[in-house]
There are 2 protein chains.
Amino acid sequence: RKRILITGGAGFVGSHLTDKLMMDGHEVTVVDNFFTGRKRNVEHWIGHENFELINHDVVEPLYIEVDQIYHLASPASPPNYMYNPIKTLKTNTIGTLNMLGELKSLFFRLTSFKCFLSIDPEVHPQNEDYWGHVNPIGPRACYDEGKRVAETMCYAYMKQGVEVRVARYSYFGPRMHMNDGRVVSNFILQALQGEPLTVYGPGTQTRAFQYVSDLVNGLVALMNSNVSSPVNLGNPEEHSILEFAQLIKKLVGSGSEIQFLTEAQDDPQKRRPDIKKAKLLLGWEPVVPLEEGLNKAIHYFRKELEYQA
Amino acid sequence: RKRILITGGAGFVGSHLTDKLMMDGHEVTVVDNFFTGRKRNVEHWIGHENFELINHDVVEPLYIEVDQIYHLASPASPPNYMYNPIKTLKTNTIGTLNMLGELKSLFFRLTSFKCFLSIDPEVHPQNEDYWGHVNPIGPRACYDEGKRVAETMCYAYMKQGVEVRVARYSYFGPRMHMNDGRVVSNFILQALQGEPLTVYGPGTQTRAFQYVSDLVNGLVALMNSNVSSPVNLGNPEEHSILEFAQLIKKLVGSGSEIQFLTEAQDDPQKRRPDIKKAKLLLGWEPVVPLEEGLNKAIHYFRKELEYQA
Ligand SMILES: NC(=O)c1ccc[n+]([C@@H]2O[C@H](COP(=O)([O-])OP(=O)(O)OC[C@H]3O[C@@H](n4cnc5c(N)ncnc54)[C@H](O)[C@@H]3O)[C@@H](O)[C@H]2O)c1
Ligand SMILES: NC(=O)c1ccc[n+]([C@@H]2O[C@H](COP(=O)([O-])OP(=O)(O)OC[C@H]3O[C@@H](n4cnc5c(N)ncnc54)[C@H](O)[C@@H]3O)[C@@H](O)[C@H]2O)c1
Ligand SMILES: O=c1ccn([C@@H]2O[C@H](COP(=O)(O)OP(=O)(O)O)[C@@H](O)[C@H]2O)c(=O)[nH]1
Ligand SMILES: O=c1ccn([C@@H]2O[C@H](COP(=O)(O)OP(=O)(O)O)[C@@H](O)[C@H]2O)c(=O)[nH]1
Ligand SMILES: O=c1ccn([C@@H]2O[C@H](COP(=O)(O)OP(=O)(O)O)[C@@H](O)[C@H]2O)c(=O)[nH]1
Ligand SMILES: O=c1ccn([C@@H]2O[C@H](COP(=O)(O)OP(=O)(O)O)[C@@H](O)[C@H]2O)c(=O)[nH]1
């Protein structure tokens with residue numbers, strides 16, 4: 001039984017991780033400023049003796065005794081992280097330094113999370129040695145560069161004795177944000193509302209989609225492993241965006257049309273994580289079939305739409 | 001006449017910039033924690049009514065009224081910035097946020113400085129659109145990623161009304177660090193001390209060298225321009241490292257041998273800044289001939305060696 005802090009624990013991934021760690025019998029403290037997270041995501045634990053929820057911004061120091069920190073606090077989708085770029089930068093730089101400083105003299109474990117770095121079309125699939133290719137002064141730089149330097153900070157503290165785990169990933173599932181503008185949420189919402197599914201370009205570009213429970217299991221396996229270098233956690237099963245649109249239409253039972261719009265700028269034509277390292281060192285691999293994961297996400301979105309109405 | 005703050009003003013570039021701005025009649029405040037800088041570099045101004053020297057670390061907030069900030073505080077050479085990677089990261093992230101926060105509600109000007117991003121051998125010469133290619137978790141990441149995110153921070157604050165200038169550059173000259181392990185200081189010291197000049201590999205790789213006074217003039221021109229996007233300041237005249245070794249030997253009048261050692265790892269074979277933008281928009285270009293600059297650096301190193309003896 002461990003004392004575990006989850007920053008950003010009222011968010012999409014953080015709340016699923018809270019569920020798993022609470023079920024496993026740990027003491028869980030969630031720290032969140034509710035910028036993109038919601039109390040609703042964790043309210044089923046409020047009142048449980050092993051659970052604590054603290055309304056706190058990670059840009060301010062926090063003094064708390066724990067054994068492990070899952071550091072997830074950061075807006076994640078482009079509309080959210082571009083809303084206040086300075087805040088996004090502070091959350092990822094000062095926020096990460098605060099969490100790492102917390103652990104300085106201790107021998108605790110920290111998992112910092114970042115997305116796959118933006119993708120170089122010539123590197124496919126991407127393994128962990130890939131350095132990324134991002135514009136340091138573009139509109140998404142507050143997130144991309146903030147996440148890169150957060151990773152650098154983790155490794156600088158590791159040399160001082162802090163145990164670090166770094167995962168790189170992407171995922172979908174219930175409690176994902178409905179209006180983040182990315183493909184999974186767009187297509188499900190469109191299918192549920194009878195609107196056309198908007199495919200950018202011919203739809204031949206491919207992506208690979210990981211269900212959130214697979215990710216959460218991978219994060220916990222990584223945290224409790226001895227692997228301190230970055231590890232990709234993802235589902236390597238690749239689909240074209242058109243196939244994906246057709247699948248969602250079918251699962252929803254929707255009469256929506258598929259609409260072909262102009263191609264997005266600099267859109268990577270293929271994207272798939274290389275997860276050999278996670279398989280080998282963590283004995284982990286994703287197990288949830290795409291249809292099953294999508295059905296759960298669709299169910300969640302349906303309820304949310306009813307709730308909003 | 002302006003009130004100008006120079007962070008890192010007791011360092012190599014900062015002290016030359018102090019000299020120029022003092023000569024031009026401005027009020028200059030130097031802020032430095034003397035980590036790599038020295039009081040000696042600016043002591044000729046101490047007591048002057050327009051000059052103030054504050055021993056302060058930029059990682060802590062600073063409250064001061066100024067019209068312009070040249071934000072140079074950061075260790076610059078690999079041995080210095082790798083000495084304490086966490087401190088390097090804090091200086092470049094929290095230090096930069098502190099300086100930018102200072103200016104938030106005002107309409108002042110900030111120049112943030114960063115090196116050329118590490119160089120992709122396929123992009124030559126490098127213009128300002130080049131995104132860089134750096135390892136986010138290597139030993140140099142504390143500097144490279146710190147500088148990248150500092151630039152991102154500048155542009156995030158620019159959207160809030162802070163005037164930003166960003167220069168990318170490299171340079172040599174008097175007051176440079178004698179033991180930073182890079183080519184100019186190595187060769188001059190070796191030639192002066194009668195030791196072999198250590199050429200890594202066959203010496204056919206090229207570099208371009210800018211004298212510090214050209215850089216300082218470029219920085220001032222940039223600060224007082226309306227150009228808010230990054231600008232390269234450099235000298236595009238390219239020399240092979242072997243030519244460069246021979247030139248230094250000749251200028252020193254040294255009997256040192258030239259010794260060929262094994263090639264450095266991942267050593268870029270060519271490096272030259274593209275300065276079209278600075279020429280066009282600032283009307284600036286370097287004017288100091290390489291031999292003249294080198295003679296001044298050699299003179300400085302000779303005096304330093306005498307001083308140390
Ligand atoms: N969604 C993705 O595609 C994706 C991909 C890779 C990595 N990530 C990363 O995974 C983590 C979790 O993302 P998510 O999808 O659960 O997003 P989310 O927005 O649902 O969760 C982030 C949580 O952090 C909280 N938060 C934000 N700033 C904070 C601050 N300053 N102090 C305290 N709490 C703060 C938010 O309120 C929210 O609860 C993030 O670090 C994100 O960058 C997301
Ligand atoms: N030398 C190069 O090749 C090179 C190339 C490109 C850019 N730069 C950048 O130019 C700037 C000046 O470099 P330089 O060559 O004059 O190096 P330098 O080491 O001589 O100067 C840096 C100065 O900053 C001061 N400083 C460092 N950390 C500080 C902190 N936390 N608070 C206050 N002061 C602090 C140091 O004491 C020193 O006086 C740096 O930002 C550097 O990264 C250097
Ligand atoms: O409504 C949408 C949203 C996205 N996409 C495409 O789906 C893929 C994944 O886009 P997303 O923004 O979800 O993620 P990323 O490009 O970061 O993988 C890209 O090829 C997009 O062009 C699409 O066709 N329609
Ligand atoms: O299981 C996975 C995990 C990630 N990715 C890809 O990695 C991208 C996330 O990378 P990005 O840098 O764009 O992060 P984001 O902006 O989506 O947070 C996703 O969109 C996916 O296309 C993937 O294909 N399969
Ligand atoms: O003692 C030295 C130091 C450097 N170099 C070479 O000189 C060039 C410039 O190296 P430096 O470290 O000064 O700067 P870089 O441009 O590589 O960042 C590189 O090709 C080095 O291999 C050399 O031959 N001898
Ligand atoms: O006038 C210039 C200015 C810079 N550079 C190159 O840019 C490098 C600096 O880039 P780097 O990212 O290595 O920065 P550093 O580590 O030297 O601060 C120098 O070594 C030079 O080779 C150049 O060739 N000419």
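Order of the sequence lines fixes the chain letters, A, B, ..., with proteins taken first and strands second; residue numbering starts at 1 for each chain.
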| message | A/Thr93 and side-chain contact (heavy atoms from CB on, under 4.5 Å): which single residue from B/Leu97, B/Thr96, B/Ile94, B/Leu89 fits? | response |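 Exactly one candidate clears the test, B/Leu97.
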
| query | Do B/Glu145 and A/Glu145 come within less than 4.5 Å of each other through their side chains, counting heavy atoms only? | reply |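 B/Glu145 vs A/Glu145: side chains touch.
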
| task | Measure the CG-NZ distance between A/Asn84 and B/Lys159 for me, rounded to the nearest 0.5 Å. | result |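 Reported value, rounded in 0.5 Å steps: 10.0 Å.
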
| query | Taking everything shown except B/Tyr83 itself, do over 12 heavy atoms lie less than 6.0 Å from its OH? | reply |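 Incorrect, the count does not exceed 12.
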
| Which heavy atom in B/Cys142 sits nearest to a heavy atom in A/Thr152, and how many Å separate them? |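 Shortest heavy-atom separation between B/Cys142 and A/Thr152 comes out as N-CG2, 3.6 Å.
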
| task | Could you check B/Arg148 against A/Val149 for side chain to side chain contact (heavy atoms under 4.5 Å, CB included), going step by step and ending with a plain yes or no? | result | CA-CA 8 Å; B/Arg148 286 178 73 99; A/Val149 79; over 6 Å; no

